[in-house]
Amino acid sequence: MNNRLIISEEVTSAVNEGRPVVALESTIISHGMPYPENLETAVLLESIARSSNAVPATIAIIKGEIRVGLTIAEIEFLSRNGNILKASRRDLPVIIAGGKSAATTVSATMMCASMAGIRIFATGGIGGVHRNAQQTFDISADLTELGQTDVAVVSAGVKSILDIGLTLEYLETLGVPVIGYGTDEFPAFFTRESGFRVNYRLNTPQEVAEVIRAKQELGLKNGMLIAYPVPHEFSFDKRMIDEAIDEALKRAESEGIRGKDVTPYLLSQITKITKGGSLRSNIELVKNNVRLASEIACCV
Ligand code: PSU
Ligand code: MN
């Protein structure tokens, strides 16, 4: 066992008994949404997993330890603390050695989930290849993690702050199956359409679970991406979101935002520009993803 890894009693017994468990990330709480919506959402997501018969395992680094399954007090700490660190794979050793606390991105959450024996993970959107990556080389570690860690991630696709076409190309290079759930089109987070097709469409949790099992039987150690579009009634107006994204990208450029600050900066600017309107879609799509991930976890 790894003494840097503390798994809650509830998650430990569920994993040991082979009951359904769904991992949840914490950067969405600390850097993806403002307070108090972040706290309300994080708590609600756990209850959605439970009412879908899965045990939620929210993951973060607390005082130098990886925690799988957080207390309400820990979730509240991540929600209210405006200076919480954002940890992807490369940050974990330094943050843990320093006894620090940090929220985990999709890449770090996948790693920690896998260490804890959890194979299904729900989030809002994953990171990807940024627009202009030809110059900046800004490609999220979430993609390389999907290429090497055996966890299935349910997301509402990727935001068009990214280059969606290049993100899909890169996932192909890394050998990551991309499945559209109930759709032939890869969704763009706030909207159901992106103009890019998925390679495979599946329509039931059982079918997804079957693919996860086949992948495991083949001994493939990479992850898998399940793209689940935002529900029709909560999708955001495409023209408005495109304008907000263009404006946010301009602001990032003129402010000289770089590296790991880019994504949180763009997310907070989009929330500001849409006067909080985009947040509603964001919350609803994550809830939707947690419900689906729980259903899949119940079939694996
Ligand atoms: N995209 C979103 N919401 C988010 C993130 C991405 O729509 O909250 C967060 C996730 O935690 C993701 C991280 O793993 O940002 C990616 O950061 P970067 O682009 O710096 O790799
Ligand atoms: Mn980046």
Side-chain angles (χ1 to χ4, degrees), residues 23-35 37-38 41-42 45 58-61 78-79 84-92 102-113 121-147 149 151 153-164 166-167 170-171 186-191 194 223 225 227-230 235-236 241 244-245 248-249 252 257-271 274 278-290:
L24 302 168
E25 61 150 319
S26 43
T27 298
I28 194 174
I29 305 175
S30 61
H31 294 73
M33 288 182 194
Y35 180 84
E37 287 87 350
N38 57 355
T41 306
L45 296 180
T58 306
I59 295 177
I61 314 300
L78 295 171
S79 308
I84 199 85
L85 298 168
K86 168 186 164 189
S88 73
R89 168 180 274 264
R90 62 115 186 237
D91 304 296
L92 287 186
T104 50
T105 63
V106 169
S107 71
T109 306
M110 284 181 76
M111 266 180 79
C112 300
F121 166 19
T123 185
I126 62 164
V129 179
H130 281 258
R131 295 196 202 175
N132 232 12
Q134 297 89 330
Q135 271 73 46
T136 62
F137 270 51
D138 191 351
I139 300 175
S140 176
D142 294 353
L143 300 186
T144 36
E145 201 63 43
L146 278 161
T149 301
V151 171
V153 180
V154 178
S155 100
V158 302
K159 287 200 172 81
S160 57
I161 56 173
L162 303 171
D163 188 316
I164 298 178
L166 294 188
T167 300
Y170 204 63
L171 286 167
F186 189 75
F189 196 88
F190 293 117
T191 56
S194 68
L225 183 63
Y228 191 24
V230 59
S235 69
F236 204 75
I241 204 67
I245 287 170
L249 286 165
I257 309 291
R258 295 280 179 271
K260 69 196 282 186
D261 298 331
V262 171
T263 299
Y265 179 86
L266 293 173
L267 298 178
S268 72
Q269 291 302 315
I270 292 168
T271 306
T274 62
S278 60
L279 195 55
R280 182 83 205 283
S281 303
N282 198 340
I283 293 169
E284 293 299 330
L285 67 85
V286 192
K287 286 163 60 180
N288 202 42
N289 292 345
V290 172

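Whatever order the structure lists ligands and atoms in, that order sets their numbers, starting from 1.
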**Q** Looking at ligand 1, would Lys86 count as a contact under a 4.0 Å heavy-atom criterion?
**A**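 Contact present.
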**Q** For ligand 1, indicate whether the residue Val262 contacts it via side chain, backbone, both or neither (heavy-atom separation under 4.0 Å).
**A**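 Val262 to ligand 1: no contact under 4.0 Å from either part.
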**Q** Against heavy atoms of Lys159, which atoms of ligand 1 measure under 4.0 Å?
**A**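 Reading through ligand 1 atom by atom, the close ones are 2 (C), 3 (N), 7 (O).
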**Q** To the nearest 0.5 Å, what is the distance between CG (Asp163) and CD (Gln134)?
**A**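 One gets 6.5 Å once the value is rounded to the nearest 0.5 Å.
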**Q** Can you find a side-chain donor-acceptor pair between Ser26 and Thr104 that sits under 3.5 Å?
**A**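 Present: a donor and an acceptor within the cut-off.
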**Q** Could you see which bit of Asp142 sits under 4.0 Å from ligand 1, with heavy atoms only: side chain, backbone, both or neither?
**A**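 Contact part for Asp142 vs ligand 1: side chain (C-beta onward).
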**Q** Does ligand 1 come near enough to Thr104 that some N or O of the ligand is less than 3.5 Å from an N or O of the residue?
**A**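 By distance alone, the answer is no.
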**Q** Specify the protein heavy atom at minimum distance from atom 4 (C) of ligand 1: its residue, its atom name, and the distance to 0.1 Å.
**A**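 Residue, atom and distance for the closest contact: Leu267 CD1, 3.5 Å.
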**Q** Within a strict 4.5 Å, meaning less than it, do heavy atoms of the Phe186 and Val158 side chains meet?
**A**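 Yes - at least one pair of side-chain heavy atoms lies under 4.5 Å apart.
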**Q** What are the atoms of ligand 1, with element, lying closer than 4.0 Å to any heavy atom of Phe189?
**A**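 Contacts of ligand 1 toward Phe189, numbered from 1: 7 (O).
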**Q** Which of these, Gly157, Gly125, Ser30, has its nearest heavy atom closest to atom 5 (C) of ligand 1?
**A**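 Selected option, by shortest heavy-atom distance: Gly125.
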**Q** May I ask you to identify the nearest protein heavy atom to atom 9 (C) of ligand 1, giving residue, atom name and distance to one decimal place in Å?
**A**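 That would be Thr27 CG2, 4.2 Å.
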**Q** Which ligand 1 atoms are under 4.0 Å away from a heavy-atom of Thr105?
**A**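 Within the 4.0 Å cut-off of Thr105, ligand 1 contributes 11 (O), 14 (O).
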**Q** What is the closest protein heavy atom to atom 11 (O) of ligand 1, and at what distance does it sit?
**A**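 It is Glu25 OE1, 2.6 Å.
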**Q** Where does His130 meet ligand 1, judged by heavy-atom distances below 4.0 Å: at the side chain, the backbone, both, or neither?
**A**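 Answer for His130: side chain.
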**Q** Go through Ile241 and Ser278 one step at a time and tell me if the side-chain contact (heavy atoms from CB on, under 4.5 Å) criterion holds.
**A** CA-CA 8 Å; Ile241 204 67; Ser278 60; 4.2 Å; yes
**Q** Working to the nearest 0.5 angstrom, can you tell me the gap between His130 NE2 and Ile161 CD1?
**A**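 So the NE2 of His130 and the CD1 of Ile161 are separated by 6.0 Å.
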**Q** What N/O/S atom of Asp138 is the closest to the Mn ion (ligand 2)?
**A**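 It is OD1 of Asp138.
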**Q** Among protein heavy atoms, which lies nearest atom 19 (O) of ligand 1, and at what distance?
**A**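 Checking every protein heavy atom, the shortest distance to atom 19 (O) of ligand 1 gives Thr263 OG1, 2.6 Å.
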**Q** Could you measure the distance from the CG atom of Leu85 to the OG atom of Ser30? Nearest 0.5 Å is fine.
**A**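 Answer for the CG-OG pair, Leu85 versus Ser30, is 9.0 Å.
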**Q** Do any N/O atoms on Val106 end up under 3.5 angstrom from N/O atoms on ligand 1?
**A**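 Checking ligand 1 against Val106, an N or O pair does fall under 3.5 Å apart.
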**Q** Please assess Lys159 against Leu267 for the test side-chain contact (heavy atoms from CB on, under 4.5 Å), listing each intermediate value before the final yes or no.
**A** CA-CA 10 Å; Lys159 287 200 172 81; Leu267 298 178; 3.0 Å; yes
**Q** To the nearest 0.5 angstrom, please state how far the CG atom of Leu225 sits from the CG atom of Leu171.
**A**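 Interatomic distance, Leu225 CG to Leu171 CG, rounded to 0.5 Å: 6.0 Å.
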**Q** If we ignore angles and hydrogens, is there a donor and acceptor under 3.5 Å between the side chains of Thr41 and Asn38?
**A**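 Result is no, nothing qualifies.
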**Q** Taking Lys260's backbone N and O only, do any of them form a donor-acceptor pair with Lys86's side chain (distance below 3.5 Å, no angle check)?
**A**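 It does hold such a pair.
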**Q** So for ligand 1, is Ser140 a polar contact partner (N or O within less than 3.5 Å, distance only)?
**A**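 Yes; the residue has a nitrogen or oxygen that sits under 3.5 Å from a nitrogen or oxygen of the ligand.
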